[in-house]
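Along the sequence shown, residues carry numbers from 1.
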Amino acid sequence: MTDFFRKELEADAGIPLFGWEHLFISAVFAAAWVLLFLFRGRLRRFGHFGELRLAMAWILLLNMLIHYASRIMIGEWSVSEDLPFHLCFVTNFFMIYVLFTDNRRGLFRVVYYFTLIGPLPAIIWPDLHRGAGGWVFYQFIISHHLMLLFSMYCLYVLEYKTSAKSALAAFFIGNAYVGLMAVFNHFANTNYVMLTELPARLYEVYPFLNKMPAFFWLESVGILALLAAYAPALSANSRKALDNMPKI
């Protein structure tokens, strides 16, 4: 059982970048996203919004609790890796709050963008060192793929609001957080938000990444993810406006 919760195991090679497992998981995730958008109207008519929203919150919360409890129990918890400072983990905690409180007009406006800024690049370039035989595999799927889909459920089905102004706020908040983590990493000799160094497998696949500091690539990908996040928000708002137009 201890081996099941380890982040790395010699007998488990993990998920190769752009291997069949990675591509299959990505395809399932993309299909789920498309289906969520296409059937958003039927899901609204289905109802049970409160029950589904709370179930999503509990899934994310239990995932985090199991993750941290297991790290402590097997003796692998460390300051250098397991403080709740990773951007995707911070976003998970905020999404848990949003889902539990039905915070549709407040925090979600900004948190929505972070549900793509962090998880989307991680989904495209996962740094997974365990396969389906390890807990970290499922923890990663829940805290990235599922969390992003839950955010889209809030946007498409529950019709939570966001805006271009909120995207700009997310940009400045994200950079402020990066600056804070840069200071922490310097004094604690850590690598939170991957500011000091990107995952080793990325340098193997893209040798040119060595030409620029990790921050440059993180900032570039973050901006692209932010722009990608605005597209679904814009389409959701535009579609709602069309749906609400008086019928002739």
Side-chain angles (χ1 to χ4, degrees), residues 7-8 13-23 25-27 29-30 33 78-94 110-130 136-137 139-141 143-145 147-148 151 162 164-234:
K7 276 190 174 182
E8 296 186 34
I15 303 297
L17 194 61
F18 303 125
W20 75 265
E21 300 101 324
H22 176 203
L23 295 178
I25 294 167
S26 299
F29 163 73
W33 189 340
S78 68
V79 171
S80 62
E81 292 187 10
D82 297 305
L83 290 174
F85 293 161
H86 298 290
L87 183 59
C88 291
F89 282 19
V90 173
T91 304
N92 266 263
F93 287 121
F94 278 116
V110 174
V111 170
Y112 160 75
Y113 290 99
F114 287 102
T115 62
L116 276 85
I117 291 173
L120 189 57
I123 289 169
I124 298 172
W125 298 288
D127 188 32
L128 263 177
H129 297 277
R130 295 294 304 274
V136 69
F137 172 85
Q139 187 276 332
F140 180 85
I141 298 295
S143 61
H144 293 78
H145 300 70
M147 192 264 288
L148 199 160
S151 178
T162 189
K165 184 178 179 180
S166 300
L168 189 62
F171 174 80
F172 287 113
I173 292 171
N175 277 282
Y177 185 72
V178 165
L180 182 65
M181 285 297 98
V183 173
F184 181 85
N185 286 338
H186 175 75
F187 288 102
N189 193 29
T190 54
N191 187 33
Y192 287 104
V193 200
M194 297 185 292
L195 287 173
T196 306
E197 187 178 24
L198 299 174
R201 62 172 60 184
L202 287 182
Y203 291 108
E204 295 173 3
V205 177
Y206 308 109
F208 65 86
L209 294 179
N210 280 309
K211 304 297 182 182
M212 299 292 289
F215 169 77
F216 172 82
W217 302 115
L218 291 170
E219 186 76 5
S220 301
V221 171
I223 291 172
L224 290 174
L226 183 62
L227 294 173
Y230 185 62
L234 184 63

Mind checking the [atom1]-[atom2] spacing from [X] to [Y]? Nearest 0.5 Å is all I need.
X: H145; Y: L120; atom1: NE2; atom2: CG; result: 9.5 Å
X: I117; Y: I223; atom1: CD1; atom2: CD1; result: 9.5 Å
X: E21; Y: F137; atom1: CD; atom2: CZ; result: 8.0 Å

Which atom of C88 lies closest to which atom of P119, heavy atoms considered: SG-N, 3.5 Å
From CA spacing to verdict: side-chain contact (heavy atoms from CB on, under 4.5 Å), L116, L226: CA-CA 7 Å; L116 276 85; L226 183 62; over 6 Å; no
Side chains of [X] and [Y], heavy atoms from C-beta outward: is any pair under 4.5 Å?
X: L202; Y: L17; answer: yes
X: F93; Y: P84; answer: yes
X: Y113; Y: Y230; answer: yes
X: F29; Y: H144; answer: no
X: N189; Y: S80; answer: no
X: V90; Y: Y177; answer: yes
X: D127; Y: H129; answer: yes
X: W125; Y: V221; answer: yes

N92 versus S143, side-chain donor and acceptor atoms under 3.5 Å: no
Side-chain donor/acceptor of Y192 to backbone N/O of L87, under 3.5 Å: no
Side-chain donor or acceptor of R201 paired with backbone N/O of P16 under 3.5 Å: no
Any residue meeting ring pair (Phe, Tyr, Trp, His ring centres under 6.0 Å) with F208, in chain and number order, not counting sequence neighbours: Y206, W217
side-chain hydrogen bond (donor to acceptor under 3.5 Å, both in side chains) between T196 and N185, worked out: CA-CA 8 Å; T196 306; N185 286 338; 4.5 Å; no
side-chain contact (heavy atoms from CB on, under 4.5 Å) between E197 and Y203, worked out: CA-CA 10 Å; E197 187 178 24; Y203 291 108; 3.8 Å; yes
side-chain contact (heavy atoms from CB on, under 4.5 Å) against L180, all qualifying residues, sequence neighbours excluded: none
V178/L218 under side-chain contact (heavy atoms from CB on, under 4.5 Å): CA gap, chis, key distance, verdict: CA-CA 10 Å; V178 165; L218 291 170; over 6 Å; no
Any residue meeting salt bridge (Lys or Arg N to Asp or Glu O under 4.0 Å) with D82, in chain and number order, not counting sequence neighbours: K7, R71
Test log, rule side-chain contact (heavy atoms from CB on, under 4.5 Å), inputs F85 and T190: CA-CA 11 Å; F85 293 161; T190 54; over 6 Å; no
Check: F114 ring centroid to F94 ring centroid under 6.0 Å: no
